[in-house]
Each structure stands twice: as structure tokens, then as C-alpha cells.
Trainee: 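My questions all concern the structure below.
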Protein chains: 2
Amino acid sequence: MSDTPKRPKNQLKSHIRAQNQELILCTAERIFARQGLAKTTTQMIADEAGLPKANIHYYYRSKKDLLEAVLERILQLWLDSVSQFNVELGPCHNLTRYISEKLDQSRFNANASKVFAMALIGEEPFVLDYLRRYFVQELQNEKTTINTWVEQGLMKPVSVEHLFINIWAMTQTYADFDAQVKILLQKETLEEEDFAQAKQFVTRMVLLSCGIEEART
Amino acid sequence: MSDTPKRPKNQLKSHIRAQNQELILCTAERIFARQGLAKTTTQMIADEAGLPKANIHYYYRSKKDLLEAVLERILQLWLDSVSQFNVELGPCHNLTRYISEKLDQSRFNANASKVFAMALIGEEPFVLDYLRRYFVQELQNEKTTINTWVEQGLMKPVSVEHLFINIWAMTQTYADFDAQVKILLQKETLEEEDFAQAKQFVTRMVLLSCGIEEART
DNA sequence: ACAAAACTTGAATATTTGGTCAGAATACAC
DNA sequence: GTGTATTCTGACCAAATATTCAAGTTTTGT
């Protein structure tokens, strides 16, 4: 585990180390998303990062270490990037913003989203542990908030678990399965416009199912 | 392409051949789902099928051939197993049944569903070609039917593409990402009851978004 | 300026894995 | 029962790939 050379505790990673690790992680994420987790070779990552292969192994002892580093980065991003619910602003505003942010996140981190999806389907223990540790709590918070709104009569009672399972399914499908989406929409690439429509569509479904009047924006 | 030994044209595959191919395909599907497409080795398949590795290669020239055979099987299943829309029965009945069938299909063919998902994320050309050839037409049919219903005032106008993209996303998420679902629902295994709730939840969302009154069943 | 720590890298090694093959075993048609 | 077609299988091979290493180079602290 101590692949980090020892150094004074208060000192951060060296400039070079931080920079190279960042380069390697970004490159690896991109290639993992393109090629799948197992099909990706360290050589590909090395080539695309412009480093010799041995240098990759200097920073990440093994391919497994590297994959876990990539996954950790992604999971952190997932947890951090979407803002918490704000009870006072009510369900309509919060859900609309949540869906919008989730869709943007998937869109702008499509590689990360795909790697996450593949790891999840493959039931990578690392990812499952992470979900157990952090996401369950996250969902609890949201559950509490939503129950407050229900008690205040701001929305109908719904199964919060199923609500979020489906919000995640819908918001990630446009990134994870973009190949399918492109074929069905008969487009070469997905444009701003397509994501705007998706946003509107998903938001409408969710708000209606919660018995919330749609806000005109 | 002629990995089939020559035989009289009117004769079907030998009993042995059919049986072994079935065994290999089922085993391969299961392992592909568990391990991912690239991480799966022919040795694993051989071991789990109880055959020597060379025997796998007797029936499937290469690993690619085997994967394609597995995928073809899955895609055929996907196309066949869900009944077509019946215009006369109206949107409520049809959509309810469609969602129910899709969810059952994912549930009872979870391995197939996962392999399909992985191939799609990995943008396997074989799968994309198949989608282009058959699914686009499929969607066209459904689009026509739905437009008829809209004209008859039986439902609100919706983007059929986005509607189906999201129905597929929701109905498959319970099979593809069952590990995640289990963690969030805090269950060891997903029961009949969970799928019933999912069915109800998704159906409600879809019907409401189409402006259809929910049928009491 | 010096030494120690950190970094780089070409080459070598060990392992995994898809694929081949030739001959043995079995099923099948007559 | 005999001969042919089919199936089975252990042993082997070649290519791909992760990982190691040791000798260099650069950076950093003092």
C-alpha cells in the first residue's frame, strides 16, 4: 500500500508525482471507457500518455491498483458533484436541479460514467464497498428530506428508493448507452438540443409521478 | 463460416452438436455476465461447462465467434420476447403490458441483459449493426402506433424516442445493476415483491407522463 | 555544490491465454 | 460388423501482456 515514497508528513506529493498521476489516471479512464476494463493494456495507457510502460508501474504497482485508483476518482466525483437537497426550496426546484445536474454530470464525464457502469455490472468488490459505505447514507438523507415534503403536502408519497433508482437509470442511460441513443435518434453525435430534450422529458416524468405541478421556466 | 461439417442439407444438426453448443452458449453467457467480455477466458468456460478447452474451439473457431454467437442469441431473444403493440387495445393497456414484459424479461434473463449492456457500452460493432438493422424499424412501428393514439386523443403527444429510451433504461436497470439496487434496498436478493413494486412504479411514471389515467387492476 | 531522494526507462522475465493439431474415442449409416 | 463421419482431448505453440530490474537522469534539500 505504501507505493508512496516516504516524505515529511506535512509535505504534499511532489509536483512531478501529482502531475504524472493525474495524467495517468485521466488517460486510463478514457481508455478503460473505450476498451473495457480487461481489454485495456498498460501499454495502451503508456502510449497514449506518452510515457514508457515502466513509468506507469512506477506510480501504480499493478494494473489492479491502477483500476482502483481510477474507480476511486470516479466515485468521489459522483459523490461530490451533485449538490445536496435544500429542504426550503421545495421538491419541484430540487428535483429539477438534481436531474439537470445528474444529466450534465453523465454527459461531461461520459468516460467515467461508463467505467463506473461496467464495474457495477461486473460487481467489482471495490465499487460495491464504496456504494455500501457512502451511497446508502446519501440516500437516507434524501429520503428524510422527501418525507418532510410529503408531510408538508408538497408532493405525493413515493418510494424514494425506486424514485432514485429510476432517476439514476434515466440520467445515465444517455451517457452509458449513447451508442444506442444515437442509433435510435438517428444522429451522428448527441447535441446540446438532445440533452435539453432528455432533461425536459425526464424531469416531466419525475415531477408528474410525484404529483408536482410543472414549473414553467 | 463453414465450421459446420457438411451433411445432407435437409438434416438438422446432430443431437450431440446441438446439445453441446447449447451448453457452451449458456455457460459462456453466464461467465461473460459475471466477468466481463474480455476478462472471460475460454478456459473458464471450458471448466464450468465441464469440457476440455479444445472442445470449445471445436464448436467455435475463435473467442470472437463464440461471443458473437452469444450476442446473436441474446439479440434474437430481445426482439422476439416482447409482444407487439395492439392498436385497438389503446395506450394504457399496451404500455402497462410492455413494461411488465420488459421487466420480466430482464429479470429472467439477467445474464443476457448484462452481456448486452456490456457489449453496448463497449460499442461492439456486431451489436450496433444489429440495432441499426432491426431495432430502428421496431421503434418506427411503435412510433406510428403511438401517433395514432395521440390523434385519437387517447394520450398526450410525447417524444416516442425519449419515451422508449427511458422505458428501456428503467426496465433494465433492475437486472443490469442489480448489485446496486440490492445495496440501496438493503436486501440480499431481489424478491417477487421488489419487481412488483418496480413494475408499478415505472408504469405509473410512464402513464402519467403520457397523460393517461391509471387503470386500477 | 553535494548527497540523497525521486524519477525515468530500455531490456529482460514470467505468466497468461487464444489457438492448433494429430491421433484416440465414439456415434452412425448401411 | 464394418467403414465413415463426427466428436473428443492432451499436449503444444506463438503472441500478448503484466511485472521486474538495474542502471541511468533529474530534482530537491541544505
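Bear in mind that the values here come from a model prediction, so they are computed numbers and not experimental data. Just so we're on the same page: letters track the sequence lines, and every chain starts at 1.
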Trainee: Using the salt bridge (Lys or Arg N to Asp or Glu O under 4.0 Å) rule, pick out the option among A:E192, A:E191, A:E101 that qualifies with A:R107.
Mentor: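 Between A:R107 and the candidates, salt bridge (Lys or Arg N to Asp or Glu O under 4.0 Å) is satisfied uniquely by A:E192.
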Trainee: If a pair satisfies salt bridge (charged side-chain N to carboxylate O under 4.0 Å, His left out) and one of its residues is in residues 122-132 of chain A, list it, with sequence neighbours excluded.
Mentor: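 Found A:E123-B:K114, A:E124-B:K39, A:D129-A:R132.
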Trainee: Write down the distance between OH (B:Y60) and P (C:dG18), rounded to a whole number of angstrom.
Mentor: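 Spelled out: OH on B:Y60 to P on C:dG18 is 17 Å.
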Trainee: Where the side chain of B:H57 is defined as all heavy atoms beyond and including C-beta, which of C:dT20, C:dC7, D:dT19 is the nearest nucleotide?
Mentor: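 Of the candidates, C:dT20 comes closest.
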Trainee: Taking atom types as they are modelled, is there a donor-acceptor pair under 3.5 Å from the base of D:dT19 to the side chain of A:K53?
Mentor: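 Donor-acceptor pair under 3.5 Å: yes.
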Trainee: Please state how far atom CD1 in A:I16 lies from atom P in D:dT25, giving the value in whole angstrom units.
Mentor: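 So the two atoms are 16 Å apart, to the nearest Å.
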Trainee: Tell me the interatomic distance from B:I56, atom CD1, to D:dT9, atom P, rounded to whole angstroms.
Mentor: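 One finds 11 Å between P of D:dT9 and CD1 of B:I56, rounded.
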Trainee: At less than 4.0 Å, is any side-chain N or O atom of B:R17 found next to OP1 or OP2 of D:dT7? Yes or no.
Mentor: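 Result: yes.
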Trainee: State, yes or no, whether a side-chain contact exists between A:I167 and A:V202 at a heavy-atom distance under 4.5 Å.
Mentor: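 Contact flag for A:I167/A:V202 side chains = no.
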Trainee: Looking at D:dA18, I'd like to know if its phosphate oxygens (OP1 or OP2) sit under 4.0 Å from a side-chain N or O belonging to A:T42.
Mentor: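 It does, given that an N or O in the side chain of A:T42 lies less than 4.0 Å from OP1 or OP2 of D:dA18.
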Trainee: I want to check one thing: is the phosphate of D:dC8, taken as OP1 and OP2, less than 4.0 Å away from some side-chain N or O of B:Y59?
Mentor: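 The answer is yes; a side-chain N or O of B:Y59 sits under 4.0 Å from OP1 or OP2.
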Trainee: In terms of side-chain heavy atoms, does B:Y60 have a donor or acceptor partner in B:N55 at a distance below 3.5 Å?
Mentor: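 Checked: B:Y60/B:N55 side chains show no N/O donor-acceptor pair below 3.5 Å.
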Trainee: Take the protein atom CZ of B:R61 and the nucleotide atom P of D:dT7, then report the distance between them rounded to whole Å.
Mentor: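 Taking atom P of D:dT7 as the reference, CZ of B:R61 is at 14 Å.
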Trainee: Between C:dT17 atom P and B:L67 atom CG, what is the distance in whole Å?
Mentor: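 The answer, rounded to whole Å, is 17 Å.
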Trainee: Rounded to the nearest angstrom, tell me the gap between atom CD in A:Q35 and atom C1' in D:dA16.
Mentor: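 In whole Å, D:dA16 C1' and A:Q35 CD are 14 Å from each other.
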Trainee: Round to a whole Å and report the spacing from CD of B:Q19 to C1' of C:dT26.
Mentor: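 Distance check: B:Q19 CD to C:dT26 C1' gives 14 Å.
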Trainee: Pick the closest DNA chain D nucleotide for A:A38 and for A:A54 by heavy atoms, then say which residue is nearer the 5' end.
Mentor: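 Per heavy-atom nearest nucleotide, the more 5' residue is A:A38.
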Trainee: Under 6.0 Å between ring centres: does that hold for B:Y98 and B:F164?
Mentor: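 Distance test on ring centres: under 6.0 Å, yes.
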Trainee: Whole angstroms only, please: what is the CG-P distance between A:N20 and C:dA6?
Mentor: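 Going from CG in A:N20 over to P in C:dA6 covers 15 Å.
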Trainee: Quick check for you: among C:dG10, C:dT8, D:dT6, whose closest atom lies nearest to any side-chain atom of A:N55?
Mentor: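 Of C:dG10, C:dT8, D:dT6, C:dT8 is nearest to the side chain of A:N55.
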Trainee: Look at the side-chain N and O atoms of B:Y58 and state whether any lies under 4.0 Å from the OP1 or OP2 oxygen of C:dC21.
Mentor: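 No.
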